[in-house]
2 protein chains.
Amino acid sequence: MIILPVNKKRHNEPIPEPTLRRIPKYYRFLLSEQNKDTEYISATTIAEFTKFKPIQVRKDLQIAGAVGRPKIGYEMKSIIKTLESFLGYDNITESFLVGVGHLGTALLNHGQFDEHGVSIVVAFDNNPTLIDTTINGIHIKDVKKFKNLAERMNIKVGIISVPEEQVQATCDMMVDAGMKAILNLSSTPLVVPDDVVVQSLNIGVALALLIKKLQ
Amino acid sequence: MIILPVNKKRHNEPIPEPTLRRIPKYYRFLLSEQNKDTEYISATTIAEFTKFKPIQVRKDLQIAGAVGRPKIGYEMKSIIKTLESFLGYDNITESFLVGVGHLGTALLNHGQFDEHGVSIVVAFDNNPTLIDTTINGIHIKDVKKFKNLAERMNIKVGIISVPEEQVQATCDMMVDAGMKAILNLSSTPLVVPDDVVVQSLNIGVALALLIKKLQ
DNA sequence: TAGATTGTTAATCGATTAACAATC
DNA sequence: TAGATTGTTAATCGATTAACAATC
């Protein structure tokens, strides 16, 4: 019988959504502490700065597979590595972006998604002025070439930053080209087959939530 | 003794976060159905398209204060109005934006936040080329004038779309100018006093979550 | 050793789901 | 009337929190 190492949980049980949303916050905080050469950090400290409760931080860290030492805390370097690998930041997935307007351009210039385990390898647009130019080292190609390239490069992740009225059509095109995960930056709700995962990021909705919290 | 109308819940009990995140999705779907002149819609139908369960939709709608009719469903017009007012989309809050780069420009051009109850009334930057120009009818002013204007116009909501390294400084400036709600579009975690609400919208994190879901 | 912190088990809390009565 | 759907009450499930033992 094979004895599994360290954290079995991670491989079997589903990870609670709330945990999944909190862990990137711990991670960000740890990165910002990293240079202050504190060798160990306690759940209490993490909790204080991220405004969660110590016990919750401990639970979450456990789910992520982090191991600490009583009285000492968690080793800085090791906990960062653990969270990185838990979040998949150490394993880069390639993606395609469609729509090089202001938002698309902002994303291409940002170029720090590598930190989050994703890289935009090619961008697409239908504007002839943009086609065959480059932003931040990323080539912009005719959207007509999307499917062909996606299949050749075996890309499964698409980012949509086109105007609202083209969003669903772009999505359909992506699905047809074999995308299995789509990031939707518009406020149009996407209709996709069941085997395609969608993540929507809607600034308007975020603003509305912010204001609701304010009241 | 005064008898309260319709939905007491809404005024007393806190609204579950998950509910708050689902309701905008129902709302979007309803808008898209609106023109198909269906006069009534059932929770089952909403559930089908938004991929939630009928019972959950009913519960959420109840929390939002919607009232339906057995066998018939919810009246289209009235349910849209109810959700609109629940989400605060019918009551516009004014906000200031700082940072007119590609992302900021995208936000100013988007200009559909009104739908979500927020309007950007003035934008700020420190780039002399941009100052005193206009995007989509919104004036861009010197960021030095932020505090003064914020106080005069009694603005409490700020949107940060500056480069990562200026994010915390911008945030501090906003807090000093009296902002009580801040939308952070960077991946830098903000440090704010307890009475300031922050909503972070991080595209990198969203991408990472998407990919985690994919696996 | 005493104090602090992790890790674990149990208790609590809240959200989701199920069951069913009320109603059109 | 029969069937469908809401609204409500109860049961279940899962996440958060508390308590405490283990450990450095």
Side-chain angles (χ1 to χ4, degrees), chain A residues 4-10 12-23 25-26 29-30 33 38-80 82-83 86, chain B residues 4-10 12-23 25-26 29-30 33 38-80 82-83 86:
Chain A
L4 289 169
V6 183
N7 53 331
K8 290 163 246 171
K9 269 187 184 172
R10 195 181 142 196
N12 310 331
E13 291 172 26
I15 295 130
E17 273 270 335
T19 297
L20 217 46
R21 265 198 299 278
R22 285 189 298 264
I23 289 181
K25 297 183 181 168
Y26 307 152
F29 167 67
L30 291 169
E33 287 299 289
T38 38
E39 209 179 334
Y40 290 89
I41 193 154
S42 77
T44 319
T45 310
I46 300 177
E48 190 186 334
F49 283 89
T50 54
K51 298 189 180 166
F52 296 108
K53 298 186 181 163
I55 177 97
Q56 193 164 51
V57 174
R58 269 187 290 157
K59 254 283 157 72
D60 288 340
L61 289 180
Q62 221 164 298
I63 289 172
V67 178
R69 288 163 60 186
K71 147 104 185 161
I72 307 284
Y74 300 83
E75 200 207 342
M76 207 57 178
K77 278 185 195 165
S78 118
I79 194 182
I80 288 178
T82 305
L83 295 190
F86 174 79
Chain B
L4 288 168
V6 183
N7 53 333
K8 291 163 245 171
K9 268 185 183 172
R10 194 181 145 197
N12 310 330
E13 291 173 25
I15 295 132
E17 272 270 336
T19 297
L20 218 43
R21 265 198 299 279
R22 285 188 298 265
I23 289 182
K25 297 184 181 168
Y26 307 151
F29 168 67
L30 291 169
E33 287 299 290
T38 39
E39 208 179 333
Y40 288 88
I41 193 154
S42 77
T44 319
T45 310
I46 300 177
E48 190 186 333
F49 284 88
T50 53
K51 297 189 180 166
F52 295 108
K53 298 186 180 160
I55 176 100
Q56 194 164 52
V57 173
R58 267 186 293 156
K59 255 283 156 74
D60 288 340
L61 290 181
Q62 221 164 302
I63 289 171
V67 178
R69 287 163 60 185
K71 148 103 185 162
I72 307 282
Y74 300 84
E75 199 207 343
M76 208 57 178
K77 278 185 196 166
S78 116
I79 195 182
I80 289 179
T82 305
L83 296 191
F86 174 79

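The analysis underlying the following values was restricted to heavy atoms, covering all of them including side chains, and did not include hydrogens, waters or symmetry mates. Sequence lines set the chain letters: A, B, ... in the order given, protein chains first and strands last, and positions in each chain run from 1.
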Would you mind classifying the nucleic acid contact of A/Pro18 as base, sugar-phosphate or nothing, using non-hydrogen atoms under 4.0 angstrom?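 Sugar-phosphate: the residue A/Pro18, judged by heavy atoms under 4.0 Å, touches backbone atoms but no base.
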For A/Arg58, report the nucleic acid contact type (base, sugar-phosphate, nothing); a contact means any heavy atom under 4.0 Å.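 Base, at least one base heavy atom under 4.0 Å.
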Specify the separation, in whole Å, of atom [atom1] of [X] and atom [atom2] of [N].
{"X": "A/Asp60", "N": "D/dT17", "atom1": "CG", "atom2": "P", "value": "10 Å"}
{"X": "B/Lys71", "N": "D/dT1", "atom1": "NZ", "atom2": "C1'", "value": "12 Å"}
{"X": "B/Ile63", "N": "C/dG14", "atom1": "CD1", "atom2": "P", "value": "13 Å"}
{"X": "B/Leu20", "N": "C/dA15", "atom1": "CG", "atom2": "P", "value": "11 Å"}
{"X": "A/Arg69", "N": "D/dA21", "atom1": "CZ", "atom2": "C1'", "value": "19 Å"}
{"X": "A/Ile72", "N": "D/dC24", "atom1": "CD1", "atom2": "P", "value": "9 Å"}
{"X": "A/Lys51", "N": "D/dT16", "atom1": "NZ", "atom2": "P", "value": "19 Å"}
{"X": "B/Ile46", "N": "D/dA4", "atom1": "CD1", "atom2": "P", "value": "19 Å"}

Partner of B/Tyr40 by side chain to side chain donor-acceptor pair (under 3.5 Å), out of B/Lys77, B/Arg69, B/Lys71: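 Single pass found, and it is B/Arg69.
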Mind listing the side-chain donor-acceptor pairs of residues 41-53 of chain B below 3.5 Å, one per line with the distance, residues two or more places apart or on another chain?
residue: B/Ser42; atom: OG; partner: B/Thr44; partner atom: N; Å: 3.4
residue: B/Ser42; atom: OG; partner: B/Thr45; partner atom: N; Å: 3.1
residue: B/Ser42; atom: OG; partner: B/Thr45; partner atom: OG1; Å: 2.9
residue: B/Thr50; atom: OG1; partner: B/Ile46; partner atom: O; Å: 2.6
residue: B/Lys51; atom: NZ; partner: A/Val192; partner atom: O; Å: 3.2

Over all heavy atoms of both residues, which pair between [X] and [Y] is shortest? Give the atoms and the distance, please.
{"X": "B/Leu61", "Y": "B/Tyr26", "answer": "CD2-CD1, 4.2 Å"}
{"X": "A/Ala64", "Y": "A/Thr82", "answer": "O-CG2, 3.5 Å"}
{"X": "B/Ile79", "Y": "B/Ala66", "answer": "CG1-CB, 4.1 Å"}
{"X": "A/Asp60", "Y": "A/Arg22", "answer": "OD2-NE, 2.6 Å"}

Select one nucleotide: of D/dT8, D/dG3, D/dA19, the one nearest the side-chain heavy atoms of B/Ile55.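 For the B/Ile55 side chain, the nearest candidate turns out to be D/dT8.
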At less than 4.0 Å, is any side-chain N or O atom of [X] found next to OP1 or OP2 of [N]? Yes or no.
{"X": "A/Gln62", "N": "C/dT8", "value": "yes"}
{"X": "B/Gln56", "N": "C/dT17", "value": "yes"}
{"X": "A/Tyr74", "N": "C/dG7", "value": "yes"}
{"X": "A/Lys53", "N": "D/dT17", "value": "yes"}
{"X": "A/Arg22", "N": "D/dT16", "value": "yes"}

Please determine whether any donor N or O and acceptor N or O are separated by less than 3.5 Å between the side chain of A/Lys59 and the base of D/dT16.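 Flag unset: no donor-acceptor pair detected.
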Which residue, A/Ser42 or B/Glu17, contacts DNA chain C at a nucleotide closer to its 5' end, judged by nearest heavy atom?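 The 5'-side residue here is A/Ser42.
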How long is the gap from CZ on B/Arg21 to CD on B/Glu17, to the nearest 0.5 Å?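 Between B/Arg21 CZ and B/Glu17 CD, I get 5.0 Å after rounding to 0.5 Å.
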In the structure I gave you, are the side-chain heavy atoms of A/Leu30 and A/Tyr74 within less than 4.5 Å of one another anywhere?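 SC-SC contact between A/Leu30 and A/Tyr74 ruled out.
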Annotated structure of DNA chain D as dot-bracket, pair cut-off 3.5 Å, Watson-Crick or G-U only, | for inter-strand, is ..||||||||||||||||||||||
